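These figures come from a predicted structure and were not determined experimentally.
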Amino acid sequence: MITIEAVNKFYGIYKALDDVSLDIAAGEFFSLLGPSGCGKTTLLRSIAGFDTPSTGDIRIDGQSVIGTPPNRRPTNMVFQSYAIFPHLDVEENVAYGLKRLKLDASEERRRVGAALDQVRLGHLGKRRAHELSGGQRQRVALARALVMRPKVLLLDEPLSALDKKLREEMQVELRSLQKAVGITFILVTHDQYEALALSDRIAVMFGGRIAQVATPKEIYQRPTTRQVADFLGGMNFMKARITGETATRLSVETPRFGGVTLDKPLGFSARNGTATIGIRPERLRVLWDDARSDFEVAGRVVDRHYFGEITHLIVDIPGMEQPLSVSETNNFGADDIPVGDAVRLAYDPDALVALSD
Ligand SMILES: Nc1ncnc2c1ncn2[C@@H]1O[C@H](COP(=O)(O)OP(=O)(O)OP(=O)(O)O)[C@@H](O)[C@H]1O
């Protein structure tokens with residue numbers, strides 16, 4: 001539905017977008033995720049028409065939109081700062097963009113009512129902006145975009161001004177709203193949890209380039225580069241010696257995790273016969289008492305951080321360069337393991353991933 005083809009964007013000599021190509025399907029909830037300055041807003045603004053790529057093409061439903069002004073594109077953008085008019089009430093705010101369509105009054109009222117119902121603000125139509133909470137204002141901004149019936153809704157960090165609890169509530173709402181209206185949503189966020197919780201697919205960006213595009217589960221469980229793995233949650237990294245290589249698989253020998261064969265990440269090239277291997281902290285489990293596993297490593301707890309439902313244990317493993325970070329639930333008392341204690345950790349070899357540097 002949306003095709004981004006070899007898009008580059010220069011600001012002077014600075015390259016904000018570097019050869020970006022991407023296909024986004026109709027009805028998809030798609031997120032652009034990355035650290036500040038990685039180019040995600042520039043890409044979103046290019047889809048909306050507020051920025052123009054220096055080279056490359058953007059097509060919506062097969063039609064190039066380069067040169068088409070924002071208001072003539074089948075897109076609508078919701079900004080981070082809920083830009084709603086303070087002197088208008090909620091209904092007037094939502095009706096604002098409809099004015100140029102010159103609908104008859106009853107049709108306009110019907111569409112405004114439907115958009116407000118979609119964001120659960122039907123009862124607050126006569127309120128003014130200063131009488132609304134942050135979450136309600138953001139819903140007005142959403143209704144204002146939805147009322148225009150865009151094919152694509154573009155969302156630039158729409159929830160970042162909200163506090164954590166409200167933000168989580170609005171995330172759930174945004175997801176169900178997207179399913180209900182069925183249009184394509186493209187969300188820009190630097191919040192990995194937001195992207196994981198909301199998206200059908202995520203593109204992770206660094207330095208103007210797309211590092212990986214995949215479903216939340218794939219991107220979390222099978223990151224292809226060290227940078228992607230590090231940006232989305234914690235990851236223990238270790239060096240391993242390559243003992244065999246095919247087009248798609250890599251056999252490695254690790255100091256403490258033994259020999260394993262793994263999927264070869266995209267764009268992988270071996271340096272000095274070594275590869276970087278990763279395992280997520282929550283994929284390591286403490287083995288209590290006499291419990292045994294075919295796959296275990298032994299070490300000593302050197303630090304402990306309590307997070308309520310989980311505890312992070314930092315475990316030094318003899319022969320490993322870096323201690324392992326272990327995220328263990330407190331159901332079994334991980335929060336009571338004293339620093340200095342010997343522990344054994346079980347792991348599933350399937351949880352190990354090979355990463356491109
Ligand atoms: N109008 C501009 N002129 C010059 N440089 C710009 C302009 N707009 C953006 N940039 C630069 O391009 C890069 C990408 O900016 P962009 O806003 O797309 O990043 P971002 O990933 O959305 O970051 P953030 O999350 O901080 O908004 C940044 O380094 C930024 O400084």
Side-chain angles (χ1 to χ4, degrees), residues 1-12 14-32 37-88 92-104 107-108 111-112 114-115 118-119 137-138 140-158 177-178 181-189 203 205 208 210:
M1 180 212 188
I2 298 179
T3 303
I4 293 155
E5 197 173 87
V7 163
N8 288 287
K9 175 70 180 177
F10 292 93
Y11 291 112
Y14 182 77
K15 207 170 191 183
L17 293 176
D18 186 357
D19 196 25
V20 172
S21 292
L22 201 59
D23 277 300
I24 300 171
E28 207 173 3
F29 198 128
F30 194 93
S31 294
L32 300 171
C38 72
K40 51 198 190 301
T41 302
T42 302
L43 183 57
L44 195 77
R45 289 172 56 86
S46 303
I47 300 170
F50 297 112
D51 276 337
T52 308
S54 307
T55 61
D57 198 13
I58 296 178
R59 292 189 293 275
I60 302 180
D61 283 342
Q63 290 277 326
S64 177
V65 291
I66 303 293
T68 307
N71 60 2
R72 311 252 326 264
R73 295 190 185 196
T75 55
N76 215 299
M77 189 141 157
V78 178
F79 296 90
Q80 174 177 351
S81 55
Y82 10 78
I84 61 174
F85 302 118
H87 59 287
L88 301 180
E92 289 162 345
N93 259 288
V94 175
Y96 188 82
L98 285 179
K99 294 296 177 201
R100 71 182 159 83
L101 301 184
K102 304 208 182 332
L103 304 172
D104 66 59
E107 173 62 8
E108 184 180 295
R111 273 175 70 166
V112 169
Q118 278 171 338
V119 299
R137 261 179 262 178
Q138 193 50 287
V140 176
L142 275 171
R144 228 168 51 163
L146 287 171
V147 80
M148 302 309 292
R149 300 193 179 152
K151 284 185 185 164
V152 186
L153 192 66
L154 304 168
L155 303 135
D156 188 5
E157 307 247 10
L177 177 67
Q178 193 266 341
V181 295
I183 63 175
T184 310
F185 277 33
I186 306 179
L187 172 77
V188 158
T189 182
M205 294 181 70
I210 293 185

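At distances below 3.5 Å, at least one donor-acceptor pair connects side-chain atoms of Gln178 with backbone N or O atoms of Ile183. Formation of a donor-acceptor pair under 3.5 Å by the Thr3 side chain with backbone atoms of Asp23 is not found in this model. Side-chain N or O atoms of Gln138 include one that pairs as donor or acceptor with a backbone N or O of Pro158 at under 3.5 Å. Between the side chain of Thr184 and the backbone N or O of Gly27, at least one donor-acceptor pair lies under 3.5 Å. Side-chain atoms of Asn93 come within 3.5 Å of backbone atoms of Leu88 as a donor-acceptor pair (strictly under, hydrogens ignored). Between the Arg73 side chain and the Thr68 main chain, a donor and an acceptor come within less than 3.5 Å of each other.
The nearest pair of heavy atoms linking Ser46 to Ile58 is O-CD1, 3.6 Å. Here the shortest heavy-atom pairing between Val181 and Gln118 reads CG1-NE2, 3.2 Å. Closest approach of Cys38 and Met205 over heavy atoms only: CB-O, 3.6 Å. For the pair Gly49 and Pro70, the tightest heavy-atom approach, listed with the atom from each and the gap, is O-CG, 3.5 Å. Summarising the geometry of Ser21 relative to Ile210, their closest heavy-atom pair is O-CD1, 4.1 Å, with the distance given to 0.1 Å. What you find for Met77 and Ala48 is that their closest heavy atoms are SD-CB, 3.7 Å.
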Query - side chain to side chain contact (heavy atoms under 4.5 Å, CB included) between Lys151 and Thr75, intermediate numbers included - result: CA-CA 6 Å; Lys151 284 185 185 164; Thr75 55; over 6 Å; no
Report task. Please assess Ile2 against Phe30 for the test side chain to side chain contact (heavy atoms under 4.5 Å, CB included), listing each intermediate value before the final yes or no. Result -> CA-CA 11 Å; Ile2 298 179; Phe30 194 93; over 6 Å; no
Report task. List the steps, then state whether side chain to side chain contact (heavy atoms under 4.5 Å, CB included) holds for Glu92 with His87. Result -> CA-CA 9 Å; Glu92 289 162 345; His87 59 287; over 6 Å; no
Requested in this report: With side chain to side chain contact (heavy atoms under 4.5 Å, CB included) as the test, would you mind laying out the steps for Leu177 and Leu146 before giving the verdict?
Outcome: CA-CA 10 Å; Leu177 177 67; Leu146 287 171; 3.7 Å; yes
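For the side chain to side chain contact (heavy atoms under 4.5 Å, CB included) with Val188, the lone residue among Leu155, Leu43, Leu32 that qualifies is Leu32.
Taken to the nearest 0.5 Å, the CZ atom of Arg137 stands 14.5 Å off from the CG atom of Leu142. Taken from CZ in Phe10 to CG in Asp18, the straight-line distance is 7.5 Å, to the nearest 0.5 Å. Remark: Phe50 CZ to Thr41 OG1 distance equals 12.5 Å, nearest 0.5 Å. Expressed to the nearest 0.5 Å, how far NZ of Lys40 lies from CD1 of Ile186 amounts to 15.0 Å. One distance of note links CG of Leu17 with CD1 of Ile4; it measures 9.0 Å at 0.5 Å rounding.
In this structure the side chain of Arg59 never reaches within 4.5 angstrom of the side chain of Val65, judged on heavy atoms. Counting heavy atoms from C-beta on, the side chains of Arg111 and Leu101 come closer than 4.5 Å. Put simply, the side chain of Lys99 reaches to within 4.5 Å of the side chain of Glu108, judged on heavy atoms.
Under 3.5 Å, the side chains of Asp51 and Thr42 contain no donor-acceptor pair of N or O atoms. When only modelled atom types and interatomic distance are considered, Thr55 and Asn8 share a side-chain donor-acceptor pair under 3.5 Å.
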